[in-house]
2 protein chains.
Amino acid sequence: MTTQATPPRTVKRRAPGRPATDSPDLRATLIEAALACFVRDGIAATSSRNIAKEAGVTPAMLNYYFGSKQALQDAVFEERLLPAVMSLRERVGSTGDDVIAMTRQFVQGVLGLVDAFPWFPSLWVREVLCEGGALRELLLSRIGPELPQMLAGRFAQAQQRGQLNAALDPRLLVVSLIGLTLFPAASAPIWRQIFQAELGTDVLVRHALALLGHGLEPAHEN
Amino acid sequence: MTTQATPPRTVKRRAPGRPATDSPDLRATLIEAALACFVRDGIAATSSRNIAKEAGVTPAMLNYYFGSKQALQDAVFEERLLPAVMSLRERVGSTGDDVIAMTRQFVQGVLGLVDAFPWFPSLWVREVLCEGGALRELLLSRIGPELPQMLAGRFAQAQQRGQLNAALDPRLLVVSLIGLTLFPAASAPIWRQIFQAELGTDVLVRHALALLGHGLEPAHEN
DNA sequence: CTCTTAATTAATCATAGCTTTAATTAATTT
DNA sequence: AAATTAATTAAAGCTATGATTAATTAAGAG
């Protein structure tokens with residue numbers, strides 16, 4: 001009963017030949033469709049036919065506009081993922097010397113990114129975090145390791161000045177920041193299922209900052 | 001130069017027919033090979049041929065012993081993943097009333113699991129965490145949501161008793177526990193690449209417990 | 001109005017994937 | 001020792017995939 005109740009985009013079987021001038025920008029439509037498939041099913045599991053069906057066209061269009069599946073994938077990376085990452089990079093890169101403020105800016109930056117690009121966490125986990133992910137090497141080669149290295153360096157300096165819990169590892173702190181922001185956002189569906197509750201980014205920000213600020217301890221009263 | 005320098009298992013091209021009685025348990029070998037492929041490349045990207053090559057046999061053996069690729073996948077789940085998860089479940093389930101002790105037990109339990117089954121984090125992220133992961137529904141239907149729900153419930157009670165930072169969300173705390181243990185373990189390769197350093201589970205435990213204990217703050221001196 | 005060009009579908013190709021079948025050989029049973 | 005059973009490879013079948021080509025139609029140029 002529920003199968004195929006809502007066809008993806010277009011229902012009408014278009015005749016071959018150039019369409020009348022009501023056509024939207026198909027290149028953009030294809031990138032959008034590819035991104036949707038990549039996020040939903042993963043890049044490796046997405047076929048040209050899937051993307052074409054999602055966009056409501058034939059697989060040949062994909063080659064007409066991009067030349068190959070790989071080229072389309074590259075375009076999605078270049079025109080969607082990279083701008084998203086860059087926005088975070090700029091947002092967090094220009095921060096002062098105070099690691100607490102820097103932490104807050106990072107947490108809010110990441111979760112702001114998630115609000116702006118809800119597809120980002122899922123794609124990042126599957127295609128960047130996972131070994132063999134299709135975008136991992138590409139992303140590292142394009143934006144480099146500077147941002148995490150810079151953050152870790154700042155944490156290390158603050159620790160030397162005694163401004164940071166000495167038992168922490170500065171590099172793992174960078175990992176923890178992501179584990180408390182991007183990871184929860186990416187895994188939201190499974191927690192929604194388990195806890196039967198929606199955990200929005202605002203709650204996430206508050207929780208992450210509280211945990212980073214004081215850990216599990218209740219507010220100090222002394 | 002580095003390509004194919006070390007063939008996966010057997011090099012000698014075995015003739016057809018039943019082998020002389022030096023054969024190891026091929027069923028176990030196949031499960032092992034499948035797990036290795038699943039962890040390295042992901043379940044969706046692993047073909048029968050890949051598994052067969054990894055085990056040094058023909059793809060037909062896979063059908064001879066399991067009937068289908070799906071059945072082999074089910075066997076890997078049942079005989080490898082499920083026991084690993086169960087061991088954690090028992091380890092953490094039998095904990096006292098103190099949430100601090102419970103937290104420590106969970107962190108040490110997860111990272112002990114990682115030490116015992118180094119393949120676990122990667123597989124968990126790709127096949128359970130990721131939407132559409134091949135093992136997600138299976139795992140939820142087999143072990144259920146009780147463990148995370150129980151942990152969240154304990155945190156909520158402790159918070160009501162004033163023993164827990166009031167700004168934290170009890171459910172997100174469960175997520176955070178995983179974000180500070182399983183997630184770093186799963187993403188270790190990428191951090192290794194970025195920081196040019198190995199971050200072992202012992203460092204991870206110390207760091208996670210420090211962060212959970214006091215957050216970023218230096219040790220209190222008042 | 002005609003010709004060319006752009007955009008699209010349908011049909012096709014070659015390749016790789018999962019599965020099945022037939023053939024082959026060693027072990028086991030009688 | 002002959003017959004049967006078990007374990008294995010080689011080969012083939014069918015399907016899905018990425019890519020290409022030919023056909024088709026509207027838009028735009030002269």
Side-chain angles (χ1 to χ4, degrees), chain A residues 7-34 37-38 40-77 132 134, chain B residues 7-34 37-38 40-77 132 134:
Chain A
R9 295 270 163 141
T10 53
V11 193
K12 58 178 178 186
R13 203 85 178 130
R14 173 149 48 193
R18 182 170 182 164
T21 335
D22 64 327
S23 61
D25 182 2
L26 189 48
R27 187 180 183 282
T29 305
L30 280 173
I31 289 200
E32 202 64 33
C37 289
F38 291 169
R40 174 163 26 86
D41 308 322
I43 292 180
T46 297
S47 70
S48 298
R49 284 173 167 77
N50 285 340
I51 299 173
K53 179 171 284 186
E54 177 84 18
V57 295
T58 53
M61 292 319 296
L62 198 148
N63 264 65
Y64 182 72
Y65 278 94
F66 296 94
S68 72
K69 186 194 174 190
Q70 180 63 47
L72 169 53
Q73 181 181 313
D74 291 346
V76 170
F77 173 81
Chain B
R9 297 269 164 141
T10 52
V11 191
K12 58 179 178 186
R13 204 88 180 124
R14 173 147 50 191
R18 183 171 182 162
T21 336
D22 63 327
S23 61
D25 182 1
L26 189 48
R27 187 179 183 283
T29 304
L30 280 174
I31 288 198
E32 202 65 32
C37 290
F38 290 169
R40 173 161 28 85
D41 308 323
I43 293 179
T46 297
S47 70
S48 297
R49 281 173 165 76
N50 284 340
I51 299 173
K53 178 170 284 186
E54 176 85 17
V57 295
T58 54
M61 294 317 298
L62 198 148
N63 262 65
Y64 181 71
Y65 278 95
F66 296 94
S68 72
K69 187 193 174 188
Q70 180 62 47
L72 168 54
Q73 180 182 313
D74 292 347
V76 170
F77 173 81

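Just so it is clear: chains get the letters A, B, ... in the order the sequence lines come, proteins before strands, and each one is counted from 1.
A:Lys53 contributes no side-chain N or O that, together with a main-chain N or O of A:Ser48, makes up a donor-acceptor pair within less than 3.5 Å.
Annotation: proximity of residues 60-74 of chain A to DNA chain C (heavy atom, distance under 4.0 Å) is found for A:Ala60, A:Met61, A:Tyr64, A:Tyr65, numbered in ascending order.
Judged as a salt bridge (Lys or Arg N to Asp or Glu O under 4.0 Å), and not counting sequence neighbours, the contacts of A:Arg40 are A:Glu54. By the side chain to side chain donor-acceptor pair (under 3.5 Å) test, A:Arg27 is found to be paired with A:Glu79, residues two or more places apart in sequence or in another chain being considered. Judged as a side chain to side chain donor-acceptor pair (under 3.5 Å), and not counting sequence neighbours, A:Ser68 has no contacts.
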Checklist line | B:Asp25 and B:Thr29: CA distance, side-chain angles, deciding distance, side-chain contact (heavy atoms from CB on, under 4.5 Å) verdict | finding: CA-CA 6 Å; B:Asp25 182 1; B:Thr29 304; 5.6 Å; no

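Between the CD1 atom of B:Ile43 and the P atom of C:dG17 there is a distance of 17 Å, given to the nearest Å. Nucleotide D:dA7 holds its C1' atom 13 Å from the CG atom of B:Asp25, rounded to whole Å. In this structure, B:Arg49 atom CZ and D:dA11 atom P are separated by 13 Å, rounded to whole Å.
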Atom pairs and distances, donor-acceptor, side-chain atoms in residues 55-66 of chain A, under 3.5 Å, two or more places apart:
unit_1	atom_1	unit_2	atom_2	d
A:Asn63	ND2	A:Gly67	O	2.9

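Across all strands, B:Ser47 comes closer than 4.0 Å only to sugar-phosphate atoms, never to a base (heavy-atom distances).
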